[in-house]
Amino acid sequence: MANSWDLTPTSGAFAATVRPMSTPAVRTRIAPSPTGDPHVGTAYIALFNLCFARQHGGQFILRIEDTDQSRSTPEYEKAILDSLSWLGLDWDEGPDKGGDKGPYRQSERKDIYREHAEILRKSGHVFPCFCSDERLSEVRKAQTAAKSSTKGYDGHCLSLEASEIESRLAAGESHVWRLNVPREGTCEVLDLLRDPISIEWSTVDMQILLKSDGLPTYHFANVVDDHLMEITHVLRGEEWISSAPKHLLLYKAFGWEPPVFCHLPLLRNPDGSKLSKRKNPTSIRYYERAGILPEALVNFLGRMGWSMPGGEEKFSCEEMQKNFDIMRVSLGGPVFDVAKLRWLNGKWIREDLNTEQFAERMMTWAVNRDYLLPIIPLIHQRVDTLADVVPMITHFLSGNPDLSEESFVHKKITPEDCKKVLVFAGWRLEGMADWSSEALKERLSGLATDMEMKQGAMNIPLFLALSGKSVSTPLYETLAILGPDVSRVRLRLAVDALGGAGKKQLKKLQKAYDALGSKAE
RNA sequence: GACCCCAUCGUCUAGUUGGCCUAGGACACUGGCCUUUCACGCCGGCGACACGGGUUCGAAUCCCGUUGGGGUCGCCA
């Protein structure tokens, strides 16, 4: 029986390319999680889903995956919607647009998940697990120590007596629901772009489907929603391949036909690892602030892993949709090369903007009332003529400052301390959802005292990092206006200018940082 | 470490039914032209089929192995 998992989805690879008229129209989706700044990787996956859907005359849906209550915020959700809109990646159905398959926000679908969990409970595909965090981490530790090839949940609660389960549930004991994964046989995952992938069930974890807060995890909500929203093709990042068996198992358990899967290569840092904000700016808003045109960014993302049949470098989103062919996706992970993005952006500026449009773009980008208004109070009392303004605010209108080690030579602080301040400040600013000047002040003001350093000295490297000058507009307001994306990148660039911080040094700094006894996160 | 994915210039890629590939284009780098400067633009240069076995008359293209890179192994997605 364990071997009888016939999980062959649809009719194979041709289903996507030659979908007969009788089958439902193509429906794809992007399902971002509002737990951070809008990521270029989200835009990249969204673009391919959009092009694929449009190419087949189908719909593209936006769904918010906010089941992680502790990290999801409405601000991030708005930022993601705004950024995708800015890029022109428009969706047909979504939390803001509505549609007849809603709601499109997972936190508003709790009842749906509960009902579906009940179905699986009755069919025995899920089981309650009462294990504590402590026990789980011990199991994990033991597995690591034993160099066990299989890691993950050991199936402890699977062997509980029915009567015991009933009484513990009745007593209201905290528990989660796990997926009952077979321990034998293999699962075959079909992918539009590669040969069938065989994965042993024994290597698949008994995934938690329903958390103790009653909310589903990604794996569960995702399958239920994709089915209910009639998603026909799932184009997602390669990182999901290893959890595809769980998803397939869920479709099987519900008796549903799974969508066609297509795992796209992951965007990479210059060193080849998965694109991450530690090593590369990843926020869409950063690129917007850096003066990248939305059409150029979309064009560039379209060049990642895909090429026009005619080999064109520059093309619009419409042209991409018209010429899109999923089979032209190449599987090697593309490096997000900012230098090439710049060139492409320049090409769009030179070739597609006339003088008037260029001026308009400058105005919508930064030379406008809304952008200038919060900046004026910072320089108002310091200027004698209007002509004094621009030199004082260039850091709000230019790219990142050009810094070298010499930039940090100052009588009030040594370059080594500069680096320390920059790294520590970066850590203090991590994970801040509220990026107002007040919140920033609260976070940063204690740092100088903690480091037994004068505020004046501490500000020098920060000013340098943010503006390229050791004297600049007030710190917290400057950070607030620059925003988290630009600010973080500039702090990192400044550390790099100081020779960067290697693993060893970071470890040492971390130790010193922890010793501050601060309210670090 | 286990499992899985991937593999053409430093980077993005063309090449997809094996011969038209002495491997094409673009970014970056570089030489020159244009030009009052710089940039743009134009012309040129540098530069890759990871390695080893097969299959074949013939392989970047197919198969196997090795190596390398990446991903996953959370009550995150």
Side-chain angles (χ1 to χ4, degrees), chain A residues 31-36 39 41-42 64-72 106 129 131-133 136-137 140 143-153 174-178 186-187 189 191 193-205 207-222 236-246 263-275 299-314 325 327-347 349-351:
Chain A
S33 173
T35 53
H39 201 280
T42 305
I64 295 294
E65 308 233 332
D66 57 349
T67 54
D68 185 345
Q69 295 279 276
S70 58
R71 294 199 303 150
S72 297
Q106 290 186 330
C129 169
C131 293
S132 64
D133 281 345
L136 293 176
S137 66
R140 225 165 276 142
Q143 286 167 340
T144 308
K147 293 194 172 150
S148 168
S149 59
T150 51
K151 281 187 186 152
Y153 188 63
S174 175
H175 64 282
V176 300
W177 289 86
R178 286 182 185 273
T186 61
C187 176
V189 180
D191 186 291
L193 294 174
R194 41 201 118 209
D195 292 334
I197 300 161
S198 292
I199 296 173
E200 300 274 328
W201 282 116
S202 61
T203 66
V204 179
D205 191 29
Q207 181 65 48
I208 291 177
L209 261 26
L210 238 40
K211 301 183 270 189
S212 52
D213 64 2
L215 281 171
T217 54
Y218 165 88
H219 305 278
F220 187 56
N222 167 270
R236 50 161 35 162
E238 209 176 13
E239 55 194 333
W240 294 107
I241 289 180
S242 46
S243 44
K246 294 170 195 170
H263 294 93
L264 298 169
L266 258 24
L267 261 27
R268 308 283 185 93
N269 294 312
D271 69 1
S273 56
K274 172 165 106 166
L275 192 66
N299 184 176
F300 180 69
L301 291 173
R303 299 276 304 104
M304 300 279 92
W306 191 78
S307 59
M308 284 285 262
E312 295 88 344
E313 291 279 344
K314 178 162 155 273
D325 176 1
M327 293 308 167
R328 288 190 65 81
V329 169
S330 60
L331 263 17
V335 171
F336 193 94
D337 181 4
V338 181
K340 189 144 186 178
L341 171 59
R342 276 185 73 94
W343 165 79
L344 195 56
N345 197 58
K347 220 165 149 57
I349 287 180
R350 287 188 294 275
E351 297 174 6

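Convention: sequence-line order gives letters A, B, ...; per-chain numbering from 1. What you see is a predicted model, and the numbers here were worked out from it, not measured in a lab.
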>> Does the structure show a Watson-Crick or G-U wobble partner for B:rC51, both distances under 3.5 Å? Name it, or say none.
In response: B:rG65
>> Return the pairing partner of B:rG19 with a 3.5 Å limit on both distances, Watson-Crick or G-U wobble; otherwise return none.
In response: B:rC57
> Does one side chain, of A:S273 or A:R268, offer a donor that lies under 3.5 Å from an acceptor on the other?
Replying inline: no
> Which one is paired to B:rC9, where only Watson-Crick or G-U wobble pairs with both distances under 3.5 angstrom count?
Replying inline: none
> So do A:K274 and A:L267 actually touch side chain to side chain, heavy atoms under 4.5 Å?
Replying inline: no
Exercise answer: donor-acceptor pairs, residues 329-341 of chain A side-chain atoms, under 3.5 Å, sequence neighbours excluded:
from: A:D337; atom 1: OD1; to: A:A339; atom 2: N; distance (Å): 3.1

>> Counting primed atoms plus P, OP1 and OP2 as sugar-phosphate and everything else as base, spell out the protein contacts along nucleotides 20-30 of chain B at 4.0 Å heavy-atom distance: B, S or - for each nucleotide, 5' to 3'.
In response: -----BBS---
> Quick one: side chain to side chain donor-acceptor pair (under 3.5 Å) partners of A:E313, sequence neighbours excluded?
Replying inline: A:R303
>> Expressed as a whole number of angstroms, how long is the span from A:D195:CG to B:rC64:C1'?
In response: 15 Å
> In chain order, what residues pass the side-chain contact (heavy atoms from CB on, under 4.5 Å) check against A:R236, with sequence neighbours excluded?
Replying inline: A:Y218, A:N222, A:V234, A:W240, A:A244, A:H247, A:F261, A:H263
>> Closest-nucleotide mapping onto RNA chain B: is A:P309 or A:I199 further toward the 5' terminus? I mean the 5' end.
In response: A:I199
> Sequence neighbours excluded, which residues qualify as side-chain contact (heavy atoms from CB on, under 4.5 Å) partners of A:R71?
Replying inline: A:T35, A:D68
> Nucleotide by nucleotide, 5' to 3', does protein get under 4.0 Å of the base (B), only the sugar-phosphate (S), or neither (-) in nucleotides 67-77 of chain B, counting heavy atoms?
Replying inline: --SSSSSSBBB
